[in-house]
Amino acid sequence: MIDSFDPAELLRPDLRELVPYEAPVHPGAVKLDANENPYDLPATVREEIASLLRDDPFNRYPDPLAIELRQELAAYTGLPAECIMAGNGADELIQNLMLAFGGGGRVVIATPTFSMYRIHAVIAGAMPVSAPRRTDFSLDPEVVIAAAGHPATRLVFLCSPNNPTGNVTPPAEAAAILANTRALVVVDEAYLEFGGESCLPLLEGYPNLVMLRTMSKAFGLAGLRVGYLLGSPAVVRQLLRIKQPFNLNRFSQLAARAALAHRAEFEALIRRIRENRQALYDGLNAVPGVTAFPSEANFILFRTPLPAGDVYHGLLAGGVLIRNMHGPGLQNCLRVTVGREDENRLFLEKLKLILGG
Ligand SMILES: *Cc1c(COP(=O)(O)O)cnc(C)c1O
């Protein structure tokens with residue numbers, strides 16, 4: 001018997017600031033908070049998954065290299081399979097990048113952006129360094145290059161289209177950064193299918209580039225956790241040293257293969273989301289006092305004249321869940337995912353009630 005035991009005393013001191021990730025659960029609310037695809041999988045994809053499932057040997061470990069999935073991804077991206085690494089969501093690949101390259105060094109992050117870069121940097125024992133975007137959220141390559149100039153910089157994180165601001169970094173600006181740093185530059189293209197130009201053509205000239213992609217957004221597989229990384233074979237080989245051997249389970253590999261084999265059927269859904277985005281953007285800007293920021297992704301950032309917390313809770317009381325992004329550089333900003341037509345209408349209706357439009 002021991003009297004007391006406080007594991008917090010054993011925790012690495014640099015992890016004490018981290019708080020467990022929480023996703024709010026509000027059953028019944030219209031869910032526009034996580035940039036998920038609002039449409040169900042095409043029926044043919046569901047059928048294909050079901051038929052692949054029927055004789056998949058679940059008693060066997062999954063393919064650690066996800067060879068068949070990477071072949072499908074090669075066909076989709078036009079890159080050879082050796083340039084592709086599959087992960088348990090792009091989140092796992094962010095963590096792998098930080099663990100392999102970031103730990104003990106500096107990681108430059110163009111902010112405001114996706115919060116997981118900072119969190120995984122801290123977990124890996126790297127120092128996150130912010131390179132602030134301009135007030136219109138565009139990237140300032142000079143600021144990024146200057147921040148990356150510190151000799152301890154190992155990684156630079158850009159997100160395009162950027163979550164939560166929705167704007168794109170033109171490949172020419174990414175190229176300017178790539179040409180002026182010895183760090184590995186990560187361009188997170190999780191939302192690429194919804195708009196913007198990929199940095200992929202830069203890979204030939206810049207082996208210090210990697211791109212992150214995911215099946216969670218355009219392909220509607222958020223529940224299955226499938227992401228992938230595109231980079232030079234040399235970068236992929238370094239990352240394989242630290243990859244969990246069986247990181248991507250059999251079911252997810254099989255479902256992602258089925259979705260990619262039927263990728264043409266997602267095109268109509270993606271087109272519809274882009275049309276709904278335009279309608280939602282126009283609707284938001286028509287609400288008195290609201291400024292919506294242009295977006296190439298499946299979400300829209302907007303600023304309200306009321307405190308963001310009041311708007312968030314008002315919407316939730318009206319049955320609509322979105323994301324409060326209020327914070328540095330994002331004063332009174334909220335992010336709404338582009339949902340189905342009926343969901344977007346309900347959201348705009350409730351927002352107008354709150355803001356007295
Ligand atoms: C959603 C998102 C991801 C995470 O994708 P998963 O594959 O679901 O882990 C990565 N980057 C950005 C910017 C995202 O918004």
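When a ligand or atom number is given, it counts from 1 through the structure's own listing order.
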Open item on the list: Tell me whether R213 contacts the main-chain N or O of L230 through its side chain, where contact means a donor paired with an acceptor under 3.5 Å.
Closed with: no
Tabulate below the donor-acceptor pairs under 3.5 Å that side-chain atoms of residues 247-255 make, not counting sequence neighbours, or state none.
unit_1 : atom_1 : unit_2 : atom_2 : d
N247   : OD1    : K243   : NZ     : 2.7
N247   : ND2    : A86    : O      : 3.1
N247   : ND2    : E92    : OE1    : 2.9
N249   : OD1    : F251   : N      : 2.9
N249   : OD1    : S252   : N      : 2.8
N249   : OD1    : S252   : OG     : 3.4
N249   : ND2    : S252   : OG     : 3.1
R250   : NE     : D56    : OD2    : 2.7
R250   : NE     : P57    : O      : 3.3
R250   : NH1    : R60    : O      : 3.1
R250   : NH1    : Y61    : O      : 3.0
S252   : OG     : L224   : O      : 2.6
Q253   : NE2    : D63    : O      : 3.0
Q253   : NE2    : L248   : O      : 2.8

Open item on the list: Using only atom types and a distance under 3.5 Å, with no angle test, would you say the side chain of R274 pairs donor to acceptor with the backbone of F194?
Closed with: yes
Task: Test: R340 and D342 ion pair at under 4.0 Å - done: yes
Open item on the list: Checking the side chain of T337 only, and the main-chain atoms of L32 only, is there a donor and an acceptor separated by less than 3.5 Å?
Closed with: yes
Mind listing the N or O contacts between ligand 1 and protein, cut-off under 3.5 Å?
unit_1   : atom_1 : unit_2 : atom_2 : d
ligand 1 : 7 (O)  : A90    : N      : 2.6
ligand 1 : 7 (O)  : T214   : OG1    : 2.5
ligand 1 : 7 (O)  : S216   : OG     : 3.4
ligand 1 : 8 (O)  : S216   : OG     : 2.6
ligand 1 : 8 (O)  : R225   : NH1    : 2.7
ligand 1 : 8 (O)  : R225   : NH2    : 3.4
ligand 1 : 9 (O)  : A90    : N      : 3.1
ligand 1 : 9 (O)  : D91    : N      : 3.0
ligand 1 : 9 (O)  : R225   : NH2    : 2.7
ligand 1 : 11 (N) : D188   : OD1    : 3.4
ligand 1 : 11 (N) : D188   : OD2    : 2.6
ligand 1 : 15 (O) : N163   : ND2    : 2.8
ligand 1 : 15 (O) : Y191   : OH     : 2.6
ligand 1 : 15 (O) : K217   : NZ     : 3.1

Open item on the list: Taking the ring centre of each residue, are Y191 and F299 less than 6.0 Å apart?
Closed with: yes
